Number of protein chains: 2
Amino acid sequence: MSDEQRKLPLYLQIKNKMVNNIKEGAWKPGEAIPSENRLIEQYNVSRTTIRQSIRELVQDGVLETRRGTPTRVRQTPKEEEGNPGVVHHELGEELSVQVLRSDQCADRYYAKGELMLDDIDEVFFFERVRMADARPIAYQQLFLPKPVGEKVKDDAAKMFDIFPALGMHDVHYKNIKETVSASNATQYEADILGLIPGEALVDIERTTLGIDGIPIEYSRTKYITSAFNYRIEIGR
Amino acid sequence: MSDEQRKLPLYLQIKNKMVNNIKEGAWKPGEAIPSENRLIEQYNVSRTTIRQSIRELVQDGVLETRRGTPTRVRQTPKEEEGNPGVVHHELGEELSVQVLRSDQCADRYYAKGELMLDDIDEVFFFERVRMADARPIAYQQLFLPKPVGEKVKDDAAKMFDIFPALGMHDVHYKNIKETVSASNATQYEADILGLIPGEALVDIERTTLGIDGIPIEYSRTKYITSAFNYRIEIGR
DNA sequence: CTGATTAACTTGTTGTAACATGTAAACAAG
DNA sequence: CTTGTTTACATGTTACAACAAGTTAATCAG
């Protein structure tokens with residue numbers, strides 16, 4: 001156990017252990033975690049402590065509790081009922097992806113900042129073109145922290161969406177934040193997407209946080225407007 | 001005490017009392033509330049209960065605690081954070097609006113279709129420029145059905161956002177649907193917004209439904225990217 | 001008067017204990 | 001086979017107690 005962990009409050013140490021259980025796949029989304037009484041035996045702490053750990057993870061959206069039933073690992077944070085905003089993000093039919101370039105490097109300082117990494121850390125970088133029905137619809141720059149990248153580097157070349165691949169490797173997310181803007185296609189982007197330079201693109205910057213709050217993905221994607229459909233619905 | 005309150009858990013009853021203390025001005029924002037020990041005496045409950053009430057109010061953003069110092073009522077009633085699917089849409093400071101044109105007509109067939117109106121119905125049309133800090137940030141075309149338009153036609157010239165005006169006339173909405181895309185500024189739009197033609201704009205098409213499901217507003221707004229901030233958050 | 005120390009607060013952490021209440025599977029009765 | 005009951009087990013609520021640790025203001029030494 002590391003030094004920082006030793007002086008952390010017990011309930012935070014246990015909270016971290018629980019998060020690790022999920023990250024390592026011992027506790028899987030949708031499944032029940034051990035009951036409070038078992039956890040009391042397992043970690044040899046009081047119920048107060050266990051409950052405080054669980055309470056925070058519920059608050060973080062990682063676990064869900066219901067009186068009378070075992071506490072469960074949340075399936076996905078998205079399928080909620082009664083949320084004020086629903087985001088649809090559908091495109092074409094036959095979806096695929098093509099990797100233009102991929103490397104592992106220690107520069108890319110801006111992306112590393114977004115991923116909350118140190119200067120010395122390495123990142124996986126993928127330059128991808130997302131295709132729908134064999135036509136390019138988006139140019140994407142995808143950055144992954146080293147531990148995540150090593151797990152999914154093979155999938156990133158095949159999967160249109162990397163989230164299923166992440167889930168299969170027990171890398172689960174808690175939160176996705178997207179910033180939407182617009183930009184003009186550069187010569188480079190226009191060539192890739194088959195457009196005229198200057199054409200308006202929907203420009204989406206996305207940061208995904210893992211269940212421990214640490215970023216697991218940063219990406220910048222530029223979509224062709226005609227192949228894009230971003231609908232936000234607010235209300236009941 | 002009301003019947004519903006009697007069967008509520010103690011900590012929720014006390015939480016409600018605390019909220020009332022704030023609403024009635026007994027506890028003022030920025031000021032300290034009584035210490036836990038005082039509250040224990042005052043309400044004659046255990047510290048567990050008091051702390052659970054306080055914890056929830058902290059989570060709700062109503063109170064703020066700091067070890068060693070008295071718990072305080074939050075100065076700025078913290079915005080709802082962590083709500084899944086929340087859309088933030090903030091821009092500059094000094095917001096205003098300028099109306100370029102307004103009329104009441106029976107054409108504009110596309111907009112009338114979106115508003116689910118018949119061909120013979122009339123619509124109010126406003127061409128507006130939204131300004132932030134005296135600089136134009138968006139060009140907006142706003143369409144209102146005749147009954148709605150008559151109520152707010154004066155406000156549409158002054159209000160940056162027409163929803164408060166609608167609410168004042170008891171026109172409430174149930175649902176907002178926005179489609180986000182990007183487009184290149186036309187010569188006309190570029191002139192208005194002070195840009196070069198072709199510049200990428202964030203293009204938002206919005207339909208608002210009233211509480212009876214009938215559309216009350218259709219608009220198309222094109223924002224300057226630099227003055228725009230559209231953040232979507234999914235998850236907790 | 002200044003500056004370090006202390007005393008008297010505050011909230012934070014953790015344990016123990018008892019009872020309340022919701023859930024679902026096992027079981028019994030029709 | 002369906003329905004109602006029991007029962008074991010889950011989380012929720014509440015109380016009491018002790019100590020940890022941060023903050024602030026009074027106190028005291030210089």
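What you are looking at is a predicted structure, and each value in this text was computed from that prediction instead of being measured. Just so it is clear: chains get the letters A, B, ... in the order the sequence lines come, proteins before strands, and each one is counted from 1.
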Query - First encountered from the 5' end of DNA chain D, between A:P70 and A:T48 - result: A:P70
Which nucleotide, [options], lies nearest any side-chain atom of [X]?
{"X": "B:Y11", "options": "D:dT23, D:dT14, C:dT11", "answer": "D:dT14"}
{"X": "B:R66", "options": "D:dA10, C:dT16, D:dT23", "answer": "D:dT23"}
{"X": "A:T49", "options": "D:dT11, C:dG15, C:dT13", "answer": "C:dG15"}
{"X": "B:T69", "options": "C:dT13, D:dT24, C:dA24", "answer": "D:dT24"}
{"X": "A:Q52", "options": "C:dT11, C:dT14, D:dT11", "answer": "C:dT14"}

Query raised in the report: Is a donor-acceptor pair below 3.5 Å formed from side chain B:R55 to base C:dG12, judging by atom type as modelled?
Result: no
Query raised in the report: Taking side chain as C-beta onward, heavy atoms only, is A:V99 less than 4.5 Å from A:V129?
Result: no
Report task. State, with a plain yes or no, whether a side-chain heavy atom of A:F143 is found less than 4.5 Å away from one of A:R108. Result -> yes
Can you measure [X] atom [atom1] to [N] atom [atom2] for me and round it to whole angstrom units?
{"X": "B:E36", "N": "D:dT23", "atom1": "CD", "atom2": "C1'", "result": "15 Å"}
{"X": "B:L10", "N": "C:dC19", "atom1": "CG", "atom2": "C1'", "result": "14 Å"}
{"X": "A:E64", "N": "D:dA10", "atom1": "CD", "atom2": "C1'", "result": "15 Å"}
{"X": "A:R47", "N": "C:dC19", "atom1": "CZ", "atom2": "P", "result": "14 Å"}
{"X": "A:N37", "N": "C:dG15", "atom1": "CG", "atom2": "P", "result": "14 Å"}
{"X": "B:Y43", "N": "D:dT14", "atom1": "OH", "atom2": "P", "result": "15 Å"}
{"X": "B:L8", "N": "C:dA20", "atom1": "CG", "atom2": "C1'", "result": "15 Å"}
{"X": "B:R67", "N": "D:dT23", "atom1": "CZ", "atom2": "C1'", "result": "11 Å"}

Under 4.0 Å: is that the gap between some side-chain N or O of [X] and OP1 or OP2 of [N]?
{"X": "B:S46", "N": "D:dT14", "value": "no"}
{"X": "B:R51", "N": "C:dG12", "value": "yes"}
{"X": "A:S35", "N": "D:dA10", "value": "yes"}

**Report entry** 5' precedence on DNA chain C between A:V45 and A:G68 (nearest-nucleotide basis)
**Finding:** A:V45
Query raised in the report: Looking for any heavy atom pair under 4.0 Å, which part of the strands does B:T65 touch: base, sugar-phosphate only, or nothing?
Result: sugar-phosphate
Considering only NZ, NE, NH1 and NH2 on the basic side and carboxylate oxygens on the acidic side, decide whether [X] and [Y] come within less than 4.0 Å.
{"X": "B:D203", "Y": "B:R220", "answer": "yes"}
{"X": "A:K15", "Y": "A:D60", "answer": "yes"}
{"X": "A:E36", "Y": "A:R51", "answer": "yes"}

